[in-house]
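Report on one structure; see the data block that follows.
Computation of the quantities below employed the complete heavy-atom set of this structure, encompassing side-chain atoms and omitting hydrogens, waters and symmetry-equivalent molecules. First listed ligand is number 1; within each ligand, the first listed atom is number 1. Numbers here are sequence positions counted from 1.
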Amino acid sequence: MQNTLDRHIYRPADPEYVEACQTWALAADLRPAAVAFPRSRADAAVMIRLATSEGLRVAPLGTGHNAYPFGDLSDTVLVRTEHLNSYQADTAAGIARVGAGAIWGPLVDMLGEHGLAALHGSAPDAGIVGYALGGGAGWYGRAHGLAANTVTAVELITADGTFVRTDEDHDPQLFWALRGGGAGNFGLVTAIEFQLHRFRTAYAGMLVWDLREAERVLPRWADWARDAPDAVTTAYRQVQYPLVPQFPEELRGRNLVIVDGAVLGNDADAERVLAPLRALRPRLDTFRRMPARALSRLHLDPEGPSAGGVRTTLLGELPPPAVDRLLEASSGSSLVVTAELRQLGGALGRPAPGGGVLNRLDGQFLLLAGGVKVGPYAERTIFDYDRTIDAMEPWTNGRNYLNFTQQPVDPSTGFDPGAWQSLLQIRRRVDPSGVFRSNHQIPLI
Ligand SMILES: Cc1cc2nc3c(=O)[nH]c(=O)nc-3n(C[C@H](O)[C@H](O)[C@H](O)COP(=O)(O)OP(=O)(O)OC[C@H]3O[C@@H](n4cnc5c(N)ncnc54)[C@H](O)[C@@H]3O)c2cc1C
């Protein structure tokens with residue numbers, strides 16, 4: 001492959017190669033055959049043709065928020081989309097159009113000025129394409145479902161370098177597979193379009209207790225979360241905040257229990273919904289009406305490259321014995337920096353009419369346990385968070401939410417069995433030679 005000046009392709013011998021391999025996930029050790037940075041859709045098509053003409057495969061990459069599960073890339077060109085980062089909104093129609101390299105923060109800010117909101121997640125610097133085509137469960141999830149089901153069109157370059165625009169009327173099968181099937185299994189997505197919601201504000205914030213209160217708060221939150229109305233989506237977590245300036249002073253260096261989230265609707269209804277949690281007397285309560293655009297940073301997720309990593313699992317239910325087990329597994333001296341439960345159900349649990357392959361998430365809660373995966377304690381950290389997740393095995397439902405799964409797993413666990421068979425067929429049709437590599441690969445069988 002030629003290292004042409006305008007196409008920005010780096011091979012292992014190039015001095016820029018090491019930096020070109022570095023992604024958001026600092027602990028992901030990617031060593032592809034080459035790294036390419038297209039500046040346009042035409043560039044990307046040329047890069048794909050160049051790669052295949054040399055017998056190489058292609059792995060599209062956005063930010064690298066889920067770069068961990070790729071595995072061996074020695075026969076693969078990593079095509080990084082960060083320069084394809086356009087943001088547009090048709091405010092009258094309530095539709096956004098973003099390029100492959102777009103991230104959530106700037107779009108949420110832009111939409112906020114027009115009274116529009118999108119189904120973003122907790123990380124403002126996660127890639128919109130990777131997030132939305134892998135599912136996308138955020139603060140409005142229980143009210144409005146997965147982001148994948150708001151997608152109205154996907155544009156991509158397929159294995160032979162052809163540009164395809166797919167929507168309900170153009171290759172509806174591929175359009176179905178892309179909405180939740182993981183973008184990188186079918187081609188290099190250059191842009192997506194999706195439906196927005198019209199609201200300017202939400203009642204959102206966090207309730208904070210000392211970590212010693214976990215035994216009192218978790219059982220009550222779990223009870224409350226099961227029966228809460230769809231208008232509210234929250235997350236419960238036990239977190240050890242490092243003593244670093246990027247966190248607010250009242251959290252920095254402390255071990256805490258936090259429930260954060262958002263309620264859609266008026267103040268009186270929101271206050272009624274949150275009353276049982278407020279009755280648990282948090283030491284800090286920041287819930288209030290706030291601009292919707294503030295929600296992309298509500299969870300204080302790390303921005304920029306991060307040494308953090310998580311393991312996740314879907315829990316079918318969280319009865320009192322499971323709550324006890326989680327408290328036990330996450331207590332004591334542990335390098336787990338965060339043990340977190342995201343509240344699912346509501347519209348996240350119901351099949352979205354006309355939705356894609358992942359039209360719902362199966363499970364009541366998504367459990368995450370995470371810590372720092374770089375440095376001398378990395379191995380012990382992974383051991384500790386594996387232990388936390390393994391302890392909850394009796395309550396898992398055998399399914400994985402692949403978007404948030406940073407370890408290689410059987411990808412069929414991401415889907416209903418019938419849907420998986422259809423995904424296999426669509427992948428065989430769209431990418432018969434297996435050019436594309438995704439982090440959770442749909443195999444060619
Ligand atoms: C801190 C953090 C917070 C998160 N919060 C949430 C959350 O609130 N809700 C939620 O649902 N998920 C969340 N996630 C998971 C997140 O949605 C996934 O990691 C998602 O894959 C990120 O997309 P990306 O493009 O940034 O990642 P990447 O690692 O760049 O890509 C992920 C996958 O998408 C593919 N891909 C990316 N771009 C393209 C493209 N243009 N064409 C084809 N394939 C492409 C890649 O090949 C790869 O397989 C979070 C993850 C992290 C690390």
Practice task
Before signing off on this row, confirm whether Arg437 and ligand 1 have an N or O atom pair separated by under 3.5 Å.
Solution key: no

Handout entry: Check: Thr413/Arg399 side-chain N/O donor and acceptor closer than 3.5 Å
Key = no

Handout entry: Residue Phe70 vicinity, atoms of ligand 1 by number, heavy atom under 4.0 Å
Key = 47 (O), 48 (C), 49 (O)

Handout entry: Glu155/Arg97 salt bridge by N-O under 4.0 Å criterion
Key = yes

Exercise for the section: Taking only Lys NZ, Arg NE, NH1 and NH2, and the carboxylate oxygens of Asp or Glu, determine whether Arg350 and Asp230 approach each other closer than 4.0 Å. Expected result: yes

Problem - Asp14 bridged to Arg11 by N-O distance under 4.0 Å - result: no

Practice task
Could you check atom 18 (C) of ligand 1 against the protein and tell me its nearest heavy-atom contact, residue, atom and distance included?
Solution key: Asn403 O, 3.3 Å

Problem - Contact check: Ala137 vs ligand 1, nitrogen or oxygen atoms, below 3.5 angstrom - result: yes

Practice task
Give the numbers and elements of all ligand 1 atoms closer than 4.0 Å to a heavy atom of Gly187.
Solution key: 42 (N), 43 (C)

Fill in the blank from the handout: CZ of Arg57 to OG1 of Thr52, rounded to nearest 0.5 Å, is 12.5 Å

Practice task
Using a strict cut-off of 4.0 Å, indicate which atoms of ligand 1 neighbour a heavy atom of Tyr401.
Solution key: 10 (C), 11 (O)

Practice task
Say whether Arg342 and ligand 1 are in contact under the criterion: heavy-atom distance to a ligand atom below 4.0 Å.
Solution key: yes

Exercise for the section: Ignoring hydrogens and angles, state whether a donor on the side chain of Ser330 or Gln238 is under 3.5 Å from an acceptor on the partner side chain. Expected result: yes

Practice task
Mark the output for Gly134 as yes if a heavy-atom distance to ligand 1 is under 4.0 Å, and as no if none is.
Solution key: no

Fill in the blank from the handout: Closest to atom 29 (O) of ligand 1 by heavy-atom distance, out of Asn66, Leu402, Ile157, Leu119, is Asn66

Problem - Lys/Arg-Asp/Glu bridge criterion (N-O < 4.0 Å) met for Asp29, Arg31 - result: yes

Practice task
Determine whether any heavy atom of Phe186 lies closer than 4.0 Å to an atom of ligand 1.
Solution key: no

Completion exercise
One finds that the ligand 1 atoms under 4.0 Å from a non-hydrogen atom of Leu188 are 42 (N)

Exercise for the section: For Ala126 and ligand 1, answer yes if some heavy atom of the residue is under 4.0 Å from a ligand atom, otherwise no. Expected result: yes

Completion exercise
Residue, atom and distance of the protein heavy atom nearest atom 51 (C) of ligand 1 read Phe404 CE2, 3.5 Å

Completion exercise
Exactly one of Val98, Asp109, Leu111 clears side chain to side chain contact (heavy atoms under 4.5 Å, CB included) with Tyr87, and that residue is Val98

Exercise for the section: May I ask whether Gly141 has any heavy atom positioned less than 4.0 angstrom from an atom of ligand 1? Expected result: no

Exercise for the section: Return yes or no for this condition: an N or O of Leu61 is under 3.5 Å from an N or O of ligand 1. Expected result: no

Handout entry: side chain to side chain donor-acceptor pair (under 3.5 Å) partner of His65, chosen from Asp301, Asn403, Asp125, Asn439
Key = Asp125

Exercise for the section: Output, in order, the C-alpha distance, side-chain angles, deciding distance and verdict of side-chain hydrogen bond (donor to acceptor under 3.5 Å, both in side chains) for Arg342 and Ser122. Expected result: CA-CA 11 Å; Arg342 296 212 176 178; Ser122 60; 3.0 Å; yes

Handout entry: N or O pair under 3.5 Å between Pro60 and ligand 1
Key = yes

Exercise for the section: Just jot down the ligand 1 atoms closer than 4.0 angstrom to any heavy atom of Gly136, in number order. Expected result: 11 (O)

Handout entry: Lys/Arg-Asp/Glu bridge criterion (N-O < 4.0 Å) met for Asp160, Arg49
Key = no

Exercise for the section: Considering only non-hydrogen protein atoms, determine which one is nearest to atom 22 (C) of ligand 1 and report residue, atom name and distance to 0.1 Å. Expected result: His65 CB, 3.8 Å

Completion exercise
For atom 10 (C) of ligand 1, the closest protein heavy atom turns out to be Tyr131 CE1, 3.4 Å

Problem - Closest protein heavy atom to atom 31 (O) of ligand 1, given as residue, atom name and distance to 0.1 Å - result: Gly62 N, 4.3 Å

Practice task
Heavy-atom distances under 4.0 Å are what count here, so tell me which part of His440 touches ligand 1: side chain, backbone, both or neither.
Solution key: neither

Exercise for the section: Would you tell me whether Gln240 and Arg254 have side-chain atoms, one donor and one acceptor, within less than 3.5 Å of each other? Expected result: no

Handout entry: Test item, Gly135 contacting ligand 1 (heavy atom, 4.0 angstrom)
Key = no

Fill in the blank from the handout: Within 4.0 Å of some non-hydrogen atom of Ser438, the atoms of ligand 1 are 49 (O)

Practice task
For the pair Arg226 and Glu317, find out whether any cationic side-chain nitrogen is under 4.0 Å from an anionic carboxylate oxygen.
Solution key: no

Exercise for the section: Using the six-membered ring wherever Trp is involved, compare the ring planes of Phe287 and Tyr203 and label them parallel, tilted or perpendicular (cut-offs 30° and 60°). Expected result: parallel

Practice task
Would you please test Arg311 and Asp390 for side chain to side chain contact (heavy atoms under 4.5 Å, CB included) and show each step?
Solution key: CA-CA 10 Å; Arg311 195 171 140 203; Asp390 290 342; 2.9 Å; yes

Exercise for the section: Indicate whether the side chain of Trp221 and that of Thr234 have a donor and an acceptor atom separated by less than 3.5 Å. Expected result: yes

Practice task
Before signing off on this row, confirm whether Trp24 and ligand 1 have an N or O atom pair separated by under 3.5 Å.
Solution key: no

Practice task
Identify, for atom 41 (N) of ligand 1, the protein heavy atom at the shortest distance, and state residue, atom and that distance.
Solution key: Val189 O, 2.9 Å

Practice task
Would you mind telling me if ligand 1 is within reach of the side chain of Asp301, the backbone, both or neither, using heavy atoms under 4.0 Å?
Solution key: side chain

Fill in the blank from the handout: Numbered in order shown, the ligand 1 atoms found under 4.0 Å of a heavy atom of Ala67 are 29 (O)

Practice task
Flag Thr63 as yes when one of its N or O atoms lies below 3.5 Å from any N or O atom of ligand 1, and as no otherwise.
Solution key: yes

Exercise for the section: Answer yes or no: does an N/O atom from Val129 fall short of 3.5 Å to an N/O atom of ligand 1? Expected result: no

Practice task
May I ask you to identify the nearest protein heavy atom to atom 34 (O) of ligand 1, giving residue, atom name and distance to one decimal place in Å?
Solution key: Gly130 CA, 4.0 Å

Practice task
Any chance you could measure Leu367, atom CG, to Tyr401, atom OH, to the nearest 0.5 Å?
Solution key: 15.0 Å

Problem - Taking atom 33 (C) of ligand 1 as the reference point, the nearest protein heavy atom with its distance - result: Asn439 ND2, 3.5 Å

Practice task
Please identify each residue that fulfils side-chain contact (heavy atoms from CB on, under 4.5 Å) with Ala231, with sequence neighbours left out.
Solution key: Val263

Practice task
Tell me, please: is Gly64 in heavy-atom contact with ligand 1, that is, under 4.0 Å?
Solution key: yes

Problem - Close-contact set for ligand 1 against Gly121 heavy atoms, below 4.0 Å - result: 7 (C), 8 (O)

Practice task
May I ask you to check whether Gly184 has an N/O atom sitting below 3.5 Å from an N/O atom of ligand 1?
Solution key: yes

Problem - Asp410 side chain to Ser412 backbone, donor-acceptor under 3.5 Å - result: yes

